[in-house]
Structures are given as C-alpha cells and as structure tokens.
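Chain identifiers are assigned alphabetically (A, B, ...) following the order of the sequence lines, protein sequences preceding nucleic acid strands; residue numbering begins at 1 within each chain.
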Amino acid sequence: MKTAIKIIIHDALEKARRAGELKLSPFPEVVVEKPKDEKMGDFSTNVAMTLARSERKNPQAIAESVVRHLKNGSDDLRQVEIAAPGFINLKMSREFFMERLRSVVKQRDDFGKTNVGQGVKVMIEFVSANPTGPLHVGHGRGAAVGDVLGRILKKAGYDLSTEYYINDVGNQMNLLGKSTWLRYRELLGKAVEFPDDHYRGEYIKDIADQIVAQKGDEFLNKPEEECLPFFRKYAKDNILKGIKKDLAEFRVTFDNWFSEQSLYENNSVATAIEWLRGKGHVYEKDGAVWLKSSAFNDDKDRVIVKQTGEKTYFCSDIAYHQNKIDRGFKKIIDLMGADHHGYVPRMEAVLKAMGFDEKTFTILLVQFVSLLRAGKKVSMSTRAGEFKTLADVVSEVGVDVARYYFLMRSSDTHLDFDLELAKKETPENPVFYIQYAHARICNIFRAAEESGVVWSSSDAVNLALLNEEEELGIIRAVLAFPEVVEKSAQALEVHRISHYLLDMVSRFHSYYSRHRVISDDKALTLARLFLLDAIRITIRNGFALLGISAPEKM
RNA sequence: GCGCCUGUAGCUCAGCUGGAUAGAGCAACGGACUUCUAAUCCGUAGGUCGUAGGUUCGAGUCCUACCAGGCGUGCCA
C-alpha cells in the first residue's frame, strides 16, 4: 500500500524538478509513514524536511512545491495538506481503500505475501541443542522464534531452508555415553561413582533402563572402551528422537537435520582447515592449530585443533558454515541463545575469512526465559524440581499459549513466562483475546447464515456503505498487514506480528460493541460481512505465521 | 578489566531503523449484557523515556561518558 503512495510522491517530485522548482541531487529516498493521529491523514511524508538542507530552502516552501504537483496527479488522492514544520499529509479516496479491501478477500491465504525476498536463498539454523538431554524452556523460545522467522521470510518471498545442527561428536557425546553406561551398571547392582560433570538427569536413568530391558547384562563385564560406542549412540538416538517429537508437538519442523559427524566422515573438516591454511589464516602454536580470527575483528585467535589432536567444536562449525556457503545460500541466519554471544565475533570472523559478505550473515541472539509461577521464579536446576522441559510447559499451558508467549516480546529482551498467567483465559492473556475475535467473527457468519443472509465476496457488494470511522480504521489496519510482514522480515523481528494482530483485533472488538453487523439493511449487512471476512482472513494469516490456531468457536 | 543485551506509567512491555501532543495491556477507580459470544466494550487516573553531555530543523530512537541489572570473556559445546 505504501509503495503506491511512494510512487505518487516520487512522480510529484519528478514533475517539480522538470518545472525547475527543485534540484533533487541526489534524489531523496521517499519515506512514507502513517501519521500518529489518523485525523491528520492516511499517510504522510517528510521529504520536504529531508530535502531542506540540500535544496537550501525551508521545508514549507519545498512542501508547497511538491503539493502543487501532487494535486493534478492521481485520482486516489482526496486531500493534501501541509503541516508544520513541513509534513505533507495525504488523505486517500474511498475507492483507493475499497479496491484494496476487495483484493484482500480475493487473495485469501495469500494476503500478506510480498516479494521483498525476491527468491533469495536463505538458510536459517536454529535450536541446534546438543542431543544430551530434553529441550528446556530456553530452547523453546529459540524454536518458536526461528520457526516463525522462517514462516515470515517465506511469506516475504525468500527461498528458505531451515536446519537443525546436531552436535553428535566430541566431548559432550563422550560424557553422555559414559553417563548412560554408569547408570546402566548402577541398575545392575554395581557400585558406581557418578562424577559431577556428567549428565545427572533422570532421563539418563530411563535410557539405561531401556538398555537393561533390551540387552540385559550383556555389557556388564565388558571393558569400558568396548561399551561406550554403543551407549553413546543409543543415548544420542534416543534423546534426539525425543527432541524431534517435542518439536513436532510444538509445531516446529525442519527441512534438514545436519549431523556434525557427517562433516568428519566426508572429510569436510580437514578440507576446511587446509583451505584456511592455504589462505594464511591458520598457524601453529604450543602444539595446537589456531585460526587468526583476530585479523577479522575477534578479540583473539582461537584454537581449532587441540594439542591432543582433537578438533574443537568451533572447528567443525567452520566446516559447517563453509558447507552452507557451498550449498548456495546467499543469506545465512544463525539463532543462538544469548549465553553463546561470546561466540559471535569468532563466527563472524570465519565467514569474513571465507569471503562471505558480512552483511548477509546474521547471528540472532535470543535472550533468556525466566519461568515463573504466580510471580515466583521456578527453579531450573537439573534436580527434579518443578517444570523445566519444553514438553512440560507445553502440556501445561498448550501450544498456542506457549508459542504466543515466546513470540510476543522482542527476542533481545529477557522474557518472564508466568505459567499461572499463561493459563488464565482472561484479558491478561492476549492469545485468547485474538482468538476470541476470530471466533466472534465466525459466529456472526453462522448467525447470518441462520437468518438467511446469503453473503458473498463478489464485486456487487457495495463497500461504499462502510462509512463509519471505526470501519475505515479497521480497513487501514487490515491493509497494513503486508507491510508488517515485510518489516518483520527485514528486521528479523517476530514480535511485530503479535503486536500488529493485537492492535488490529482490538479495533474489531471495539467496532463490534458499537455497531451491529446483521441488520434489516441488507446491503449494509453484506458490506459489513465483507469487511469481517477480510478481518478474519488477516487474523488467520497472521496466526498462520505465528503457528497458532484460529478457532471458530470458543 | 574488556565485550554483548537491557533500562520507557505501580507491574509486564510496544514505540514502524531520526518525526508531529511518548502508547498498549494488567493492576486502581467509575460505567455498559432483553442484542451477532461480557474470554468483550466505554471512561478516569497514571511519565525527569536510567543520569549527564553531544550531533540537527527535530532525539525514547544516533554518538560519548557514567550508573544499575543480566550474560559472556575455555585447547567446553
């Protein structure tokens, strides 16, 4: 919608230049926004102010000149005003809005689609939690944000792939295998000493239990080294299966699950190191191999091969990202928990060293989640305290609520997730507020059908009857949806969608309480049903982006 | 010490990449169900945008310094 306005203003500027009134070098970027107060107009632009300096004229004079050329341009304009200190406020004709409202209903599920992405290949990697235990609430936030970001990017016209990187090698895997093996021995009556740095969770015992059931004491008298590979793999597979199940229930799916181990098996890690060595980005010191990341803005150089000959986690991550580049992704997004933020500069250094445009590599940090119950912090310790896994939270509050809570705040602020508040079906809980609007609309359609109204979205419906101030406000809000999607995609911010829906829907609730939709005035009834259909479509499409259901009854 | 995030109404948070008189929800107070769903709506009250400077026509937004909270600063992942 705003692009249409941009073009109109652009044309007016062009005419002003030809008339010799403005120099326009350089030609300014036209910024169109919505005025704070809807009474001032439907749109406004500040070009006159931004031009003041380069034109060496005062904004008022520039605005006057632009407006002169605006007036005899477009049928869509109803009124043009200049406001101090130089804003140009535009009011659009009714037809301008009504045409677009019709197109919302025609587009249905596609409403909100844009093409800012222009089919650019994007990879977004998220969650990527070690398969050493079930997902916790923090992972849940990352999962929700990553998943929704993906949906938004797709809607905005990107060619998107989502991926989960599985850290299935290295020290953590060894600890996992060892932990399981120890629990196994314990179950079979051996006295074991369980080290502090091993995985102590109950789930390890469950896995050991399964192994006992399947394999009996087969491993009891074998040496540790012979047992560990089996325990490692068994525990990993088991936990990974659980992670996949939890995510699926949370409505999060991935296009690809990428194994770290595969990078070793096909020699990618070694190849990556050699490649960097060839470029002179790698050197040896103290018996280890270092990446010269400090040459690319990192605080210091980083070890990629330890003295022991083992590769670090960072090392395979280098190979992994080289792999992403090789697969042709032009935009690479990594989601990480904020506790990993120390990792950002070195990762950026790697991408720079590999010659990848730094502007198209983004690490998004998702801040912590504090789980509360009625205002009191829920302990997140591994000890069998209160709810701590994602699955637990989901089963308590439901998927819709859980997702909404993770998505309602900007991801770079800490999030308080209060379980009691989340369960309340009151205005304190915005999910229900939005869902209720949808259910209400569906109910009106049911009532209309029951009373014999035959509604349609045909062009014969006279939208000019939508004259109420509230109606025009809602129409404007509905039509803004594609821009919200676009902005979310550009800023990589999911919470904009939640906030938008809340605002749009509150206009509907307010409208609902002031005006009846179904009345004896048949033409007006049809026009209002048309509007409600558009609102309903927008709620559904918005919820589809958030992965939240839109119930027809509540 | 250094780095990252945050600081906006009593509470939880927005603020559209620098625009017009800083906005919602909750909590408080007062109203609205004989109607298409009251899981709703209407009204009142609530502010030194952490502090101090700077940049300009214009700053909650940008730059600098400081204060407070969180996180990080491994040959862990």
Looking for any heavy atom pair under 4.0 Å, which part of the strands does [X] touch: base, sugar-phosphate only, or nothing?
| X | answer |
| --- | --- |
| A:Ala448 | nothing |
| A:Phe445 | nothing |
| A:Asp412 | sugar-phosphate |
| A:Met408 | nothing |
| A:His438 | nothing |
| A:Asp286 | base |
| A:Arg516 | base |
| A:Asn89 | base |

Expressed in angstrom and rounded to an integer, what is the separation of [X] atom [atom1] from [N] atom [atom2]?
| X | N | atom1 | atom2 | result |
| --- | --- | --- | --- | --- |
| A:His499 | B:rG25 | NE2 | P | 13 Å |
| A:Arg409 | B:rA24 | CZ | C1' | 12 Å |
| A:Ile444 | B:rU40 | CD1 | P | 15 Å |
| A:Leu176 | B:rA77 | CG | P | 15 Å |
| A:Arg514 | B:rG43 | CZ | P | 6 Å |
| A:Leu531 | B:rC36 | CG | C1' | 14 Å |
| A:Glu493 | B:rC13 | CD | P | 16 Å |
| A:Lys6 | B:rC16 | NZ | C1' | 12 Å |

Original post:
Just by distance, with hydrogens left out, do A:Ser259 and A:Gln261 show a side-chain donor and acceptor under 3.5 Å apart?
Top reply: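 No, A:Gln261 and A:Ser259 have no side-chain donor paired with an acceptor closer than 3.5 Å.
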**OP:** Indicate whether any N or O donor in one side chain lies under 3.5 Å from an N or O acceptor in the other, for A:Gln172 and A:Asn167.
**Re:** no
Under 3.5 Å on both distances, the Watson-Crick or G-U partner of [N]:
| N | value |
| --- | --- |
| B:rC26 | B:rG10 |
| B:rC71 | B:rG3 |
| B:rU17 | none |
| B:rU51 | B:rA65 |
| B:rU56 | none |
| B:rU40 | B:rA32 |

Measure from the side chain of [X], starting at C-beta and using heavy atoms only, and say which of [options] lies closest.
| X | options | answer |
| --- | --- | --- |
| A:Phe432 | B:rA39, B:rC16, B:rA14 | B:rA39 |
| A:Leu365 | B:rC4, B:rC36, B:rA39 | B:rC4 |
| A:Asn167 | B:rC41, B:rA77, B:rC36 | B:rA77 |
| A:Met49 | B:rA39, B:rC57, B:rA14 | B:rC57 |
| A:Thr413 | B:rU6, B:rA39, B:rC41 | B:rU6 |

**OP:** Could you tell me whether the side-chain ring of A:Phe87 sits stacked on the base of B:rG19, using a centroid cut-off under 5.5 Å and a plane angle under 30°?
**Re:** no
Original post:
Any side-chain heavy atom of A:Asp339 sitting closer than 4.5 Å to one from A:Phe368?
Top reply: yes
Can you measure from [atom1] ([X]) to [atom2] ([Y]) and round to the nearest 0.5 angstrom?
| X | Y | atom1 | atom2 | answer |
| --- | --- | --- | --- | --- |
| A:Tyr343 | A:Tyr313 | OH | OH | 5.0 Å |
| A:Asp197 | A:Lys178 | CG | NZ | 8.5 Å |
| A:Ile475 | A:Leu479 | CD1 | CG | 7.5 Å |

**OP:** For B:rA22 versus B:rA45, give the span between their P atoms, rounded off to a whole number of Å.
**Re:** 15 Å
Original post:
Any salt bridge between A:Asp334 and A:Lys324, counting N to O under 4.0 Å?
Top reply: yes
Subject >> Residues A:Arg277 and A:Glu284 bridged, charged N to O under 4.0 Å >> reply: yes
Original post:
Base of B:rU40 relative to its sugar, syn (within 90° of 0) or anti?
Top reply: anti
Original post:
For B:rC57, does the O4'-C1'-N9-C4 (purine) or O4'-C1'-N1-C2 (pyrimidine) torsion place it in syn, i.e. within 90° of 0, or in anti?
Top reply: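 Anti.
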Where do N or O atoms of nucleotides 69-74 of chain B meet protein N or O atoms at under 3.5 Å, pair by pair?
unit_1 : atom_1 : unit_2   : atom_2 : d
B:rC71 : O2     : A:His341 : NE2    : 3.4
B:rG74 : OP2    : A:Lys300 : NZ     : 2.7

**OP:** Just say parallel, tilted or perpendicular for the rings of A:His499 and A:His495, cut-offs at 30° and 60°.
**Re:** perpendicular
Original post:
According to the interplanar angle, ranging from 0 to 90°, do the rings of A:Tyr283 and A:Trp290 count as parallel (below 30°), tilted (30 to 60°) or perpendicular (above 60°)?
Top reply: parallel
Subject >> Distance-only donor-acceptor test (3.5 Å): side chain A:Ser44, base B:rA20 >> reply: yes
Original post:
Knowing that exactly one of A:Arg528, A:Glu468, A:Glu470 qualifies, which makes a side chain to side chain donor-acceptor pair (under 3.5 Å) with A:Tyr511?
Top reply: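 Exactly one candidate clears the test, A:Arg528.
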Subject >> A:Tyr436 side chain near B:rA39 phosphate (N/O to OP1/OP2, under 4.0 Å) >> reply: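 Answer is yes, contact under 4.0 Å.
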Subject >> Earlier contact from the 5' end, RNA chain B, for A:Val31 and A:Gln172 >> reply: A:Val31
Subject >> A:Phe314 or A:Glu33, whichever maps to the more 5' nucleotide of RNA chain B >> reply: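 Looking at RNA chain B, the more 5' nearest nucleotide goes with A:Glu33.
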Subject >> Pi-cation contact, A:Phe417 with A:Arg141 (under 6.0 Å, within 45°) >> reply: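 No, A:Arg141 does not lie over the aromatic ring of A:Phe417.
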Original post:
Where along residues 139-146 of chain A does a heavy atom come under 4.0 Å from RNA chain B, residue by residue in number order?
Top reply: none
